[in-house]
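We count ligands from 1, going down the list as the structure has it; atoms in each ligand are counted the same way.
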Amino acid sequence: MKVLVIGGGGREHAVCMALAKSPKVDKIWCAPGNGGIADVAECVDIKATDIDGVVAFSKTNDPDLVVVTPDDPLALGMVDALEAEGIRAFGPRKNAAVIEGSKSFAKDLMKKYHIPTAGYAVFENSADAIAYIKENGAPIVIKADGLALGKGVTVAMTEEEAIAAVKDAIDGGRFGGAGARVVIEEFLTGPEVSVLAFVDGKNLSTMPSAQDHKRAYDNDEGPNTGGMGAFSPSRFYTDDIAQTCMDTIFKPTVAAMAAEGRPFSGVLYFGLMLTPKGPKVIEYNARFGDPETQAVLSRLESDLFEIMNAVIDGKLNEMDIKWADNAACCVVLASGGYPLSYEKGKEITGLDAVTDSVVFHAGTAVKDGKIVTSGGRVLGVTATAPTLDEAIQKSYADVKKIHFEKAHYRLDIGIKKG
Ligand code: AMP
Ligand code: GLY
């Protein structure tokens, strides 16, 4: 079977490697891919958001499955466009991807179906938003409604900060159209857990829990990033909490989407906060998370290609998906300066010396036969072991063998306590 994977980050490298393990898969393309993905897939020079390009490539090359991994093409309707041409695609249609693409849609859905989440209000006018902030006080959370590369959220500890965030988004156009509407949320506290689930429109099968590290520096300091590392499982996500989430959040969300005429098919990501009043939804994503996927899929024992086909066919209830009873840790090596400005084109050395981890490439390219940096997040060094402590040790032992100028990584991935 032939598979085309859309995207070119560490997450897509993990998806390609999991698909490559399937005895049924004998050809993988990745559009656009990256320097590491090129080892498992043929990289094709089509942008992840180029719907016409992906459809044209698929009509010519006839993949048996197209996996649409990133948020932007899903929100733009790439799955719908492929299906219209009779091409099998994994991922939600546009009318279901809106659960990530519009935070106000997600909040209204949760309100309507009594799914626990932070209290909120939606504004398109900064004067009304500012009045609401003054009435409710800080801390308070301001979120751009649309997709903003993971940077649209401001957790404001003061009213001034909250007001500045609203003015930036609505009046300043900081996130373009994505920030013309903002959601203002109650500030919640508690450990954060990411739970990803395969969903086939009506059935769901959760993956093991994970935790991300969004801030650039140790102890959760510095600016928010796309994610500086992840580990699985979370220490906080007990069986009791998992059952509560299943009953109050996961199943009700899948049922709500079906009831709204927007059946969700693909991977649904639940960003949860375990608050003193129980688990609440912080965000939904309509896709695999990055870098959670690198940690979580490292623990998958079943055949990802078969799972994806069961999802498309609405037969997830017939699958018995197996996960290893172990732990995984993914440490991200980033370019110095990321998430602000950083240099590219630095040669990466030491990859051959890695012994105990899988190195997922995110921002790398091949230049003159050498692997060089080409993005902010460069590599995700991922190890599995019987315990989380051992997985952490193994991944850091390998991280230390890899070098490029101004490489930056956090030293505390996996030891997060809250
Ligand atoms: P998001 O992009 O929605 O995942 O938000 C980014 C981060 O902001 C989350 O991982 C949380 O740490 C924080 N955050 C989002 N919403 C809230 C909230 N209502 N209360 C406290 N922190 C939040
Ligand atoms: N790790 C968070 C995300 O993928 O959005």
Below 4.0 angstrom, N of the basic side chain to O of the carboxylate: do D168 and R174 qualify?
yes
Who gets closest to atom 18 (C) of ligand 1 by heavy atom: V281, V141, V153, I142?
V141
Closer than 4.0 Å to some heavy atom of Y269 - which atoms of ligand 2 meet that?
1 (N), 2 (C)
What atoms in ligand 2 come closer than 4.0 Å to a heavy atom of D212?
1 (N), 2 (C)
Taking the basic N atoms (NZ, or NE/NH1/NH2) and the acidic carboxylate oxygens, is any pair closer than 4.0 Å for R377 and D290?
yes
Should the pair Y132 and F123 be assigned to parallel (<30°), tilted (30 to 60°) or perpendicular (>60°) ring geometry?
tilted
State the atoms of ligand 1, each with its element, that fall below the 4.0 Å cut-off from a heavy-atom position in K143.
3 (O), 15 (C), 16 (N)
Measure across A385 and K394 and return the closest heavy-atom pair with its distance rounded to 0.1 Å.
CB-CD, 4.1 Å
Report yes if E192 has an N/O atom closer than 3.5 Å to an N/O atom of ligand 1; otherwise report no.
yes
Backbone or side-chain N or O of K214 under 3.5 Å from ligand 2 N or O
no
Atoms of ligand 2 close to R287 [distance to a heavy atom under 4.0 angstrom, numbered from 1]
3 (C), 4 (O), 5 (O)
Side chain to side chain donor-acceptor pair (under 3.5 Å) test vs Q243 passes for just one of D239, D240, D247, namely D247
Could you tell me whether E283 and ligand 2 have an N or O pair separated by under 3.5 Å?
no
N or O contact, L188 vs ligand 1, cut-off under 3.5 Å
yes
Would one find more than 12 heavy atoms of other residues, nucleotides or ligands at under 6.0 Å from atom CE of M246?
yes
Can you establish whether the number of heavy atoms outside K94 located under 6.0 Å from its atom NZ is more than 12?
no
Which of the ligand 2 atoms, numbered from 1, are nearer than 4.0 Å to a heavy atom of E292
1 (N), 2 (C)
Sidechain-backbone polar pair: T373 side chain, T364 backbone, donor-acceptor under 3.5 Å
no
Checking Y284 against F270 for the ring pair (Phe, Tyr, Trp, His ring centres under 6.0 Å) test, could you report, in this order, the C-alpha distance in whole Å, the side-chain angles of both residues, the deciding distance, and whether it holds?
CA-CA 5 Å; Y284 291 115; F270 299 89; 5.8 Å; yes
With a cut-off of 4.0 Å, which atoms of ligand 1 are near a heavy atom of E186?
18 (C), 19 (N), 20 (N)
Atoms of ligand 1, numbered as shown, that sit under 4.0 Å from any heavy atom of F187:
20 (N), 21 (C)
Where on M228 is there a heavy atom closer than 4.0 Å to ligand 2, on the side chain, on the backbone, on both, or on neither?
neither
Atom indices of ligand 1 within 4.0 angstrom of K214 heavy atoms, with elements:
4 (O), 10 (O)
Angle between ring planes, W29 versus F57, binned at 30° and 60°: parallel, tilted or perpendicular?
perpendicular
Is the ring pair Y217/H408 parallel, tilted or perpendicular, if the boundaries are 30 and 60 degrees?
perpendicular
For G289, the atoms of ligand 2 under 4.0 Å from one of its heavy atoms are 4 (O)
Would you check whether R11 reaches within less than 4.0 Å of ligand 2, judged by its heavy atoms?
no
Short list, please: which atoms of ligand 2 are under 4.0 Å from a heavy atom of N285?
3 (C), 5 (O)
At a non-hydrogen distance cut-off of under 4.0 Å, which region of K103 contacts ligand 1 (side chain, backbone, both, or neither)?
side chain
For atom 13 (C) of ligand 1, which candidate among I184, V155, T154 holds the nearest heavy atom?
V155
Is N34 reaching over with its side chain to a backbone N or O of G8, donor-acceptor style, under 3.5 angstrom?
yes
